[in-house]
Amino acid sequence: HQTEPQRRIQEIEVRHNGSVIRRIRFTLSRGYHSEQGSDPNNPCSDTYTRTVDKIQEWDGGVGDNALALPATSIFYVVKSHSGCSSWDYVYRVDNGYGGRVEFDYADDGSASAGDGTVGTSWFVTQKRVYASPGSQASVTDYSYDLQYACWSRDHAPNQAPGWSDCPSSF
């Protein structure tokens with residue numbers, strides 16, 4: 001796979017009267033997924049997701065004098081979009097103080113066209129918030145009306161059962 005220039009933010013400096021009073025640092029990575037398609041006439045491309053793995057706030061100190069708050073860490077799960085491309089989705093965020101948020105996903109069934117032309121979309125079905133280690137989760141369930149599900153590319157003959165072309169006003 002190719003390497004690309006680093007053009008993502010790595011640090012934000014907050015200044016007052018020319019002095020750095022705070023730094024916010026980002027730990028970045030790229031989830032790389034090499035795909036093997038089942039159809040030799042329709043090869044898959046490699047995919048990657050740029051991710052932020054950690055965010056940490058520092059004071060304006062330098063070197064050993066710098067003080068930091070606990071880092072917020074972000075964790076990902078790989079979800080396939082019809083077997084020929086995969087992407088990273090956030091499944092957990094830890095706040096550095098013992099609290100965390102977790103996410104569950106479901107797919108929209110659009111890969112049921114079976115020929116790889118219609119990719120699966122993923123959506124959050126549940127969010128669980130834990131205020132501290134060992135605490136009970138505050139749970140939010142999400143549901144979506146797929147009655148209006150449509151596919152907006154030029155693959156209308158291959159769309160998933162029950163799906164329709166997107167109206168132009170959509």
Side-chain angles (χ1 to χ4, degrees), residues 1 3-4 6-16 19-36 44-112 118-152 160 162-163 170:
H1 74 276
T3 58
E4 60 189 48
Q6 178 62 271
R7 294 194 175 137
R8 297 182 338 155
I9 190 166
Q10 295 178 332
E11 183 175 278
I12 296 172
E13 284 187 354
V14 179
R15 294 177 174 263
H16 178 70
S19 297
V20 175
I21 59 169
R22 183 163 289 118
R23 287 183 172 86
I24 302 168
R25 295 183 181 151
F26 302 90
T27 302
L28 310 171
S29 66
R30 185 170 83 164
Y32 177 74
H33 313 289
S34 182
E35 307 292 338
Q36 297 296 322
C44 293
S45 342
D46 293 339
T47 60
Y48 66 91
T49 307
R50 294 176 174 176
T51 59
V52 175
D53 297 325
K54 186 166 55 169
I55 303 168
Q56 190 165 24
E57 186 173 336
W58 295 74
D59 69 0
V62 179
D64 291 340
N65 294 325
L67 300 174
L69 293 173
T72 296
S73 299
I74 306 165
F75 301 90
Y76 300 85
V77 62
V78 177
K79 297 287 188 185
S80 176
H81 290 247
S82 77
C84 206
S85 63
S86 297
W87 307 97
D88 294 340
Y89 287 80
V90 173
Y91 79 88
R92 190 176 87 218
V93 178
D94 293 349
N95 72 1
Y97 293 97
R100 71 183 187 279
V101 179
E102 297 175 347
F103 301 94
D104 288 338
Y105 294 87
D107 70 77
D108 64 0
S110 60
S112 62
V118 179
T120 298
S121 293
W122 293 88
F123 52 89
V124 173
T125 58
Q126 187 177 81
K127 175 180 75 173
R128 292 175 304 283
V129 178
Y130 299 86
S132 61
S135 67
Q136 188 161 352
S138 170
V139 178
T140 304
D141 291 310
Y142 299 93
S143 63
Y144 305 88
D145 186 355
L146 296 179
Q147 169 185 348
Y148 301 104
C150 61
W151 183 246
S152 60
W163 284 55
F170 189 66

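Note: hydrogens, waters and symmetry copies are ignored here, and every other heavy atom, side chains too, is used.
- In this structure, Y105 has its ring center closer than 6.0 angstrom to the ring center of Y89.
- Using a 4.5 Å cut-off on side-chain heavy atoms (C-beta onward), I24 and I55 make contact.
- Counting heavy atoms from C-beta outward, E102 and V129 have side chains that stay 4.5 Å or more apart.
- For the 3.5 Å distance criterion, the side chains of D53 and S29 qualify, holding a donor opposite an acceptor.
- The shortest non-hydrogen separation linking G61 to A66 is O-CB, 3.5 Å.
- Distance check: W122 CH2 to D104 CG gives 11.0 Å after rounding to the nearest 0.5 Å.
- Side-chain contact between W58 and L69: absent, with no pair of heavy atoms (C-beta onward) separated by less than 4.5 Å.
- Scanning all heavy atoms of the two residues, the minimum distance from G96 to P70 falls at O-CB, 3.1 Å.
- Annotation: side chain of V90 is in contact with side chain of Y76 (closest heavy-atom distance under 4.5 Å).
- Counting heavy atoms from C-beta outward, Y142 and V124 have side chains that approach closer than 4.5 Å.
- Heavy-atom neighbours of E11 CD from other residues, nucleotides or ligands within 6.0 Å: above the threshold of 12.
- Residues I21 and R15 are not in side-chain contact: their nearest non-hydrogen atoms beyond the backbone lie 4.5 Å or more apart.
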(request) Could you walk me through whether V77 and K79 pass side chain to side chain contact (heavy atoms under 4.5 Å, CB included), step by step? (result) CA-CA 6 Å; V77 62; K79 297 287 188 185; 4.0 Å; yes
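- With a 4.5 Å cut-off on side-chain heavy atoms, F75 and V93 do not count as touching.
- To the nearest 0.5 Å, atom OG of residue S132 and atom OH of residue Y97 are 14.5 Å apart.
- Among R92, K127, Q126, the single residue meeting the side chain to side chain contact (heavy atoms under 4.5 Å, CB included) criterion with F103 is K127.
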(message) Apply salt bridge (Lys or Arg N to Asp or Glu O under 4.0 Å) to residues R23 and E57 and explain how you reach the verdict.
(response) CA-CA 6 Å; R23 287 183 172 86; E57 186 173 336; over 6 Å; no
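- Side-chain atoms of D59 come within 3.5 Å of backbone atoms of L67 as a donor-acceptor pair (strictly under, hydrogens ignored).
- Atom CZ of F26 sits about 13.0 Å away from atom OG1 of T51, to the nearest 0.5 Å.
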